[in-house]
There are 2 protein chains.
Amino acid sequence: MSSSEIGRPALGRPGPGEDGRKAILDAAARAFARKGYFATSIDAIADELGATKGRVYHYYRGKAEIFLDVVVTGMRDLIAAVEPISARQDAGPGERMYQMAHLHASMMMLRNHAQRVSVQAIEMRSVAEIAIHQDVLADVFALRRRYEQIFIDVVEEGVRLGDFAATDSGLVVKSALGALNWIPIWYAPDRTPLDVEKVADTFARFIVNGLKGS
Amino acid sequence: MSSSEIGRPALGRPGPGEDGRKAILDAAARAFARKGYFATSIDAIADELGATKGRVYHYYRGKAEIFLDVVVTGMRDLIAAVEPISARQDAGPGERMYQMAHLHASMMMLRNHAQRVSVQAIEMRSVAEIAIHQDVLADVFALRRRYEQIFIDVVEEGVRLGDFAATDSGLVVKSALGALNWIPIWYAPDRTPLDVEKVADTFARFIVNGLKGS
DNA sequence: GTCTATATCGAGATAGAC
DNA sequence: GTCTATCTCGATATAGAC
């Protein structure tokens, strides 16, 4: 996990000013979520913030750093929310998987900006500006692998207990997370006035049923 | 469907030279799939083609046009492959859904370049260069809606027949297509030496089970 | 810490030779 | 039809005033 301990900013210039950085992060998340990494200029982020470029460059060395900080923060939030559920002893794998999927789906809708940016990031491996930051990228990959493993462990426990049908656990987890990660791509809080709870419940039930088999 | 009748190029300068255009389309699909729309320069497309910018601009007015042509072509291919299955009379909804999902998954892997680009396109609605082409964008949306409707119809037939559990058919189709559309994001023919048939089968079974309920 | 210039440069697009 | 210049401009990033 090296450079991404909880609480420490993953990137950005050193020194204090945690609140200033946070405001930039939020503004950037909204801007990136709306237009994507390349179509979002630093000026656009500054506008969203109600400031000018100067402020942004005071806290961050460049656009790629801001982007990656949004991504890492979003992934940490997701893991911090979902991981505890996977370890609960009072529920079986089916019930835990339902709750994990339900919460993941909810986060995709309620924390839409940051999660949408995290999804974008997956396709940016090969972009030079981003690829430069090998260290942070390594953290991002590690976080993603760790998150997938949480789901894989629950699936395999379910298979052992006979609650889930036997299959390739890595692949079914990719199916399940694909369905969930796709949500930010079509869900837009303003254009799609859908009931968050209903969507989360439908997705979570679909996933658990898919794992149980027929 | 206006400007996108089958056989006619959706975009590009008028006149003959269908083969020249096709070669550009393939090269562009590979380049866009690798780096994404913005990180791919016209020079990079020309390189991939083994030519220079001049050739590209002879056939297309600009980068956005090439991109959208790749997208429309990819979506037409997908629909042309999957739609016939939905209409088959010799199989029930469960079996047809399995085959549709199986084929969709296979296309995501075997026609990886074009499909990866189509997935990218969904996030590009709001990008100015792309948004200019209202007419082609309308076609893209229509194609996507039509494709979703194919799946929705099969789901609703399955629910009527009691083969599938009753739910919001639009939402479960978004789950299913999310799982499938996510494939190009993690599947890379070179990095992921996975058995296409096995992946397609696992995904299709997961989806059909998810629809059947428990 | 925050702002207003401004340097710099990559890339889309065009003109015109061959 | 295909190429090689070349124009042009937007956006990153910096310098330095306040």
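Throughout, a chain's letter reflects where its sequence line sits, starting with A, and its residues are numbered from 1.
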Legend entry - Steps toward salt bridge (Lys or Arg N to Asp or Glu O under 4.0 Å) verdict (Arg145(A), Glu148(A)): CA-CA 5 Å; Arg145(A) 268 196 305 277; Glu148(A) 269 193 44; over 6 Å; no

Legend entry - Over 12 non-hydrogen atoms of neighbours within 6.0 angstrom of CZ in Arg144(B): yes

Legend entry - Proximity to the side chain of His58(A) - top-ranked nucleotide from dT12(D), dG1(C), dT4(C): dG1(C)

Inset, instruction - For Phe67(B) and dG12(C), give me the distance from atom CZ to atom C1', rounded to whole Å. - result: 16 Å

Inset, instruction - Quickly work out the Ile45(B) CD1 to dG12(C) C1' distance and round it to whole Å. - result: 11 Å

Inset, instruction - Measure the distance from CG on Asp19(B) to C1' on dG1(D) and round it to the nearest whole Å. - result: 12 Å

Legend entry - Short side-chain N/O contact to dC3(D) OP1/OP2 from Thr52(B), under 4.0 Å: yes

Inset, instruction - Examine dA15(D): is either OP1 or OP2 under 4.0 Å from a nitrogen or oxygen in the side chain of Tyr57(A)? Give yes or no. - result: no

Legend entry - Non-hydrogen atoms of Gly36(B) and Gln120(B) that approach each other most closely: CA-OE1, 3.4 Å

Legend entry - Candidate list Thr73(A), Val71(A), Asn112(A), test side chain to side chain contact (heavy atoms under 4.5 Å, CB included), partner Val117(A), passing option: Val71(A)

Distances under 3.5 Å only, N/O to N/O: pair up the protein atoms with those of nucleotides 9-11 of chain C.
none

Inset, instruction - Assert yes or no for the condition that the ring centre distance of Tyr147(A) to His104(A) is strictly below 6.0 Å. - result: yes

Inset, instruction - May I have the distance from Glu129(B) (atom CD) to dA13(C) (atom C1'), rounded to whole angstrom? - result: 12 Å

Inset, instruction - Pick base, sugar-phosphate or nothing for Gly20(B), based on heavy-atom distances below 4.0 Å to the nucleic acid. - result: nothing

Legend entry - Proximity to the side chain of Arg55(A) - top-ranked nucleotide from dG1(D), dC3(C), dG1(C): dC3(C)

Inset, instruction - Determine, for Asp26(A) against Arg30(A), whether the closest basic-nitrogen to carboxylate-oxygen distance falls under 4.0 angstrom. - result: no

